[in-house]
Amino acid sequence: MKIEMLPVFEDNFIFILIDEIKKEAAVVDPAEANSVISYLKKNNLTLTKIFNTHHHFDHVGGNKELKQLFPNVEIYGSVQDKNRIPFQTHFLNHNDKIYFADESAEVFFVPGHTLGHICYFFSLKNGEHHLFIGDTIFGGGCGKLFEGSLEQMFNSLLFLRNNLPDNTLIWTAHEYTLENYLILEKLEPQNIEIKEKLQKVIHTLKSGLHTVPFLLSEEKKVSSFLRWDDLKLQNITSTSNSFDTFCFVRKFRDNPPKIVKPF
Ligand SMILES: [Zn+2]
């Protein structure tokens with residue numbers, strides 16, 4: 001299974017999964033249809049599945065047009081997003097499995113950003129792990145709480161941090177990494193790892209590349225959103241348990257200090 005990413009709108013990513021033997025494709029979170037259709041045509045691929053992580057328009061905006069062009073396409077999403085995801089045909093629960101290109105992915109409920117948010121965790125036969133996380137994790141961040149509670153988001157992040165292997169590649173639906181780490185640098189001005197990360201991110205973006213995907217192990221080491229039990233972070237935030245520390249970081253991100261983007 002090959003993975004391609006299409007940058008669309010200001011900072012969205014659409015992911016195309018490709019079965020090169022059958023010349024079939026699946027798409028994760030089609031924000032819009034045009035870029036997907038031209039990619040499929042150019043590469044002579046038939047769309048068989050759409051995997052939606054949640055109901056927001058910049059994740060399902062392409063469903064209708066893709067369904068019109070490929071009437072047999074199966075459209076997957078959370079059972080809790082029933083009636084919220086256009087043309088949904090498959091209604092998923094926690095721990096369900098989905099299949100594509102002789103590979104499979106586990107489905108996990110990760111509520112917080114929305115109540116029905118799910119993610120798709122592929123463990124490929126070649127040993128690679130790929131997590132399509134939608135708007136739950138970002139480089140140096142987590143999704144805004146539009147529907148869920150701080151508890152729900154904390155438990156979702158805890159579940160992912162505790163259960164997924166370190167070599168998991170995380171495919172997030174937005175390029176927010178630079179802004180997030182500039183803000184985290186303000187929260188933790190003494191943190192050398194955040195400073196080093198920022199330099200890497202700036203270099204990547206200046207080279208015209210993207211910071212997505214990134215490794216779970218790297219985020220666990222650097223992002224304040226996954227280090228609630230780090231004593232240094234607890235000291236800075238004057239908190240003494242993981243949940244309170246997470247809440248402090250999330251609230252800091254909701255009312256961020258002024259940052260200056262380097263380019
Ligand atoms: Zn969203």
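Numbering starts at 1 and runs along the sequence shown. When a ligand or atom number is given, it counts from 1 through the structure's own listing order.
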Query raised in the report: Who pairs with Glu188 by salt bridge (charged side-chain N to carboxylate O under 4.0 Å, His left out), at least two apart in sequence or on another chain?
Result: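 Result, salt bridge (charged side-chain N to carboxylate O under 4.0 Å, His left out) vs Glu188: Arg227.
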Query raised in the report: Do Leu66 and Phe13 belong together in a cluster built from hydrophobic side chains that touch within less than 4.5 Å?
Result: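 Shared cluster, no.
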Query raised in the report: Are Phe214 and Leu205 joined in one hydrophobic group, where the rule is that I, L, V, M, F, W and Y side chains link up if heavy atoms are under 4.5 Å apart?
Result: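 Yes: a chain of side-chain contacts under 4.5 Å links Phe214 to Leu205.
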Report task. Please list all pairs passing the salt bridge (Lys or Arg N to Asp or Glu O under 4.0 Å) test where one or both residues lie in residues 53-78, with sequence neighbours left out. Result ->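 Passing the test, one end in residues 53-78: Lys49-Glu74.
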Query raised in the report: Got a second to check how far Gln68's CD is from Ile37's CD1, nearest 0.5 Å?
Result: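 It is 9.0 Å, given to the nearest 0.5 Å.
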Report task. Output, by chain and residue number, all protein N/O/S atoms separated from the Zn ion (ligand 1) by less than 2.8 Å. Result ->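 You should have found His54 NE2, His56 ND1, His113 NE2, Asp135 OD2.
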Expected list for residues 95-107: side-chain donor-acceptor pairs under 3.5 angstrom, two or more places apart:
unit_1 : atom_1 : unit_2 : atom_2 : d
Asp96  : OD2    : Asn93  : N      : 2.8
Glu103 : OE1    : Lys125 : N      : 3.1

